[in-house]
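First the structure, in the form of structure tokens, and then the observations on it.
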There are 2 protein chains.
Amino acid sequence: MHTRRYHHGDLRAALLTRAEQTLREKGPGALSLRELARDLGVSHAAPSRHFKDKQALLDALALAGFERLDEALSASRDAAGEAFTDRLRGFVRAYVDFARANAELLDLMYTIKHGPAASEALIAAGQRLGAMAGELVAEGQRSGEVREGPVDSIAMPVFTTLHGFASFAVSGVLSAEEATSGFDAVFAYILRGCGPS
Amino acid sequence: MHTRRYHHGDLRAALLTRAEQTLREKGPGALSLRELARDLGVSHAAPSRHFKDKQALLDALALAGFERLDEALSASRDAAGEAFTDRLRGFVRAYVDFARANAELLDLMYTIKHGPAASEALIAAGQRLGAMAGELVAEGQRSGEVREGPVDSIAMPVFTTLHGFASFAVSGVLSAEEATSGFDAVFAYILRGCGPS
DNA sequence: ACCTGAACACCGTTCAAGT
DNA sequence: ACCTGAACACCGTTCAAGT
């Protein structure tokens, strides 16, 4: 009864934080606006001030996921050395690690359910990731470690492999052990796929 | 009031058929056991005789999806000629076409939500697909069009690329046009990734 | 064996009203 | 501006009872 009241405008942030926590711990099916409101000590109608819809909250969650993935990939790039293969390897690693550490969130990010309003922002976020892959490929072309040709026609398949591997790891098609032991094979295959001649 | 009664045991099949229809037409959020029952002129408690859970129905739907994908891939193999690249190309085509024609179903098939009971059967279904990719790769090795090495270390990345591309097409990361125009680039990249030397 | 009808606890969403 | 409380229509699930 003496719980915080959240008149400060941080209810929105609190809802997102808590939602991601229950998504991670109990899965997407357990996400309920009413329970979120209960957990935060707020009336069940309060969330509607910040998210017009349950879908709107899910959209915001997915968008936050893209932003964090973006940061993780940027960080991996900044941490890498000069060598192209190291940089590419770090990029792949960062994506796969994020996927495995945020399985439910990744599932949500790439789910089909997003409303057309949010899809725009989500697709833009996805394209930012694709652009990062494109920069990496362009670097590789300049150093001669990636074959000539339109950047997108190389970066798209590379990114696609990356995502497929992460998706298989997340959905359980690959077990945790297979995902770990298969990384090198996937990376070697990616190098072959984009390498010269 | 004079609707069919389904005492024949075909309620289970009717539920699945109808469920897939509304999944396709109105999306996963619109799937409700009660509405399904209503649509089929049956009491709202009737489905529970055939599916202990809503999740059990979703699991069955996903499993049926894997079976149909399996058939589509088998059919593509039987329809293909002798040449390895044609056979591989047909395999990739069949997977991508299935994905684009059954977007919501593919999303469900690879979703993370499946109960541990069903996961076993679903993972087995996924592994059957992987085995088909493995056979194809082994053929390519025999004809010298795929490089030497453990079959799985080549088939897994190939299948992964396939799935990543399909997943991007389904989730809207790639527009319909990009998915169409990007196919050749992806296929060329797959050939490079598994090719010799 | 298969289905019905009522019951229960829980949703998402809306809206007047409060502060 | 932000939140509450009541209300509405809809769920999934269970269980006695019917055929």
Side-chain angles (χ1 to χ4, degrees), chain A residues 1-23 25-62 104 108 111 113-118, chain B residues 1-23 25-62 104 108 111 113-118:
Chain A
M1 309 306 159
H2 323 83
T3 46
R4 281 250 197 72
R5 298 293 258 306
Y6 295 104
H7 349 63
H8 326 302
D10 56 358
L11 178 55
R12 194 192 134 96
L15 283 165
L16 285 174
T17 301
R18 181 77 191 182
E20 193 191 331
Q21 186 183 346
T22 85
L23 179 68
E25 290 169 3
K26 306 202 239 167
L31 254 183
S32 134
L33 286 180
R34 284 180 105 111
E35 186 173 4
L36 244 36
R38 246 179 274 130
D39 290 345
L40 268 54
V42 104
S43 98
H44 66 259
S48 76
R49 291 290 131 181
H50 300 276
F51 300 103
K52 87 175 226 300
D53 238 7
K54 184 181 184 181
Q55 189 58 50
L57 183 141
L58 295 177
D59 293 345
L61 220 43
E104 299 84 1
L108 177 63
T111 205
K113 272 184 68 178
H114 300 291
Chain B
M1 314 307 156
H2 322 82
T3 46
R4 280 251 197 72
R5 297 294 258 308
Y6 294 104
H7 349 61
H8 327 303
D10 56 359
L11 177 55
R12 194 191 133 94
L15 283 165
L16 284 174
T17 302
R18 182 76 193 183
E20 192 189 332
Q21 188 183 344
T22 85
L23 179 67
E25 290 171 0
K26 304 200 239 166
L31 255 184
S32 133
L33 287 180
R34 283 180 106 112
E35 186 173 3
L36 245 34
R38 243 178 277 132
D39 290 345
L40 268 52
V42 102
S43 96
H44 66 258
S48 74
R49 292 289 131 183
H50 301 278
F51 301 102
K52 86 174 225 301
D53 241 5
K54 185 180 184 183
Q55 188 58 50
L57 182 142
L58 294 177
D59 292 346
L61 219 44
E104 299 84 2
L108 178 63
T111 205
K113 270 185 70 177
H114 301 292

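On a predicted model such as this, the values are computed, not experimentally measured, just so you know. Reminder, nothing fancy here: chain letters follow the sequence lines and each chain counts from 1.
Closest contact between the side chain of Ser43(A) and the listed nucleotides dT13(C), dC3(C), dT4(D) involves dT4(D). Taking every side-chain heavy atom of Ala46(A) into account, dT4(D) is the closest of dC3(C), dT4(D), dG12(D). The nucleotide whose nearest atom lies closest to any side-chain atom of Lys54(B) is, among dT13(D), dT13(C), dC3(D), dT13(D). The side chain of Asp53(B) lies closest to dT13(D), out of dC3(C), dC3(D), dT13(D). Nearest nucleotide to the Glu35(B) side chain, out of dG12(C), dC11(D), dC3(C): dC11(D). Comparing dT14(D), dA7(D), dC3(C) by their nearest atom to the side chain of His44(A) picks out dA7(D). When distances are taken from the side chain of Ala45(A) to each of dC2(C), dT4(D), dG5(C), the shortest belongs to dT4(D).
Spacing between atom CG of Asp10(A) and atom C1' of dC3(D) amounts to 13 Å, rounded to whole angstrom units. With rounding to whole Å, Arg38(A) atom CZ is found 18 Å from dC3(D) atom P. As a whole-Å value, the separation of Leu33(A) CG from dT13(C) P is 6 Å. Computed from coordinates, the Arg12(A) CZ to dA1(D) C1' distance equals 16 Å when rounded to whole Å. The distance from atom CG of Leu15(B) to atom P of dC2(C) is 13 Å, rounded to the nearest whole Å. In this structure, the NZ atom of Lys52(B) is 20 Å from the C1' atom of dC2(C), given to the nearest Å.
Of the side-chain N and O atoms in His50(A), one or more sit less than 4.0 angstrom from OP1 or OP2 of dC3(D). For the OP1/OP2 pair of dG12(C) and a distance below 4.0 Å, the side-chain nitrogens and oxygens of Ser32(A) include at least one atom meeting the criterion.
A distance of 10.5 Å separates NE2 of His44(B) from CG of Leu33(B), quoted to the nearest 0.5 Å.
The base-pairing partner of dA9(D), taking Watson-Crick or G-U wobble contacts with both distances under 3.5 Å, does not exist among the strands shown.
Contact record, Lys113(A) with Pro28(B): CG-CG, 3.4 Å, taken as the closest heavy-atom pair. Closest approach of Leu57(A) and Ala19(A) over heavy atoms only: CD2-CB, 3.9 Å.
Side chain Arg34(A) to base dT13(C): a donor-acceptor pair is found below 3.5 Å.
One finds no salt bridge joining Arg18(A) and Glu35(A) here, because no Lys/Arg side-chain nitrogen approaches an Asp/Glu carboxylate oxygen to under 4.0 Å.
Panel note: side chain Lys54(B), backbone Leu31(B); a donor-acceptor pair is recorded below 3.5 Å.
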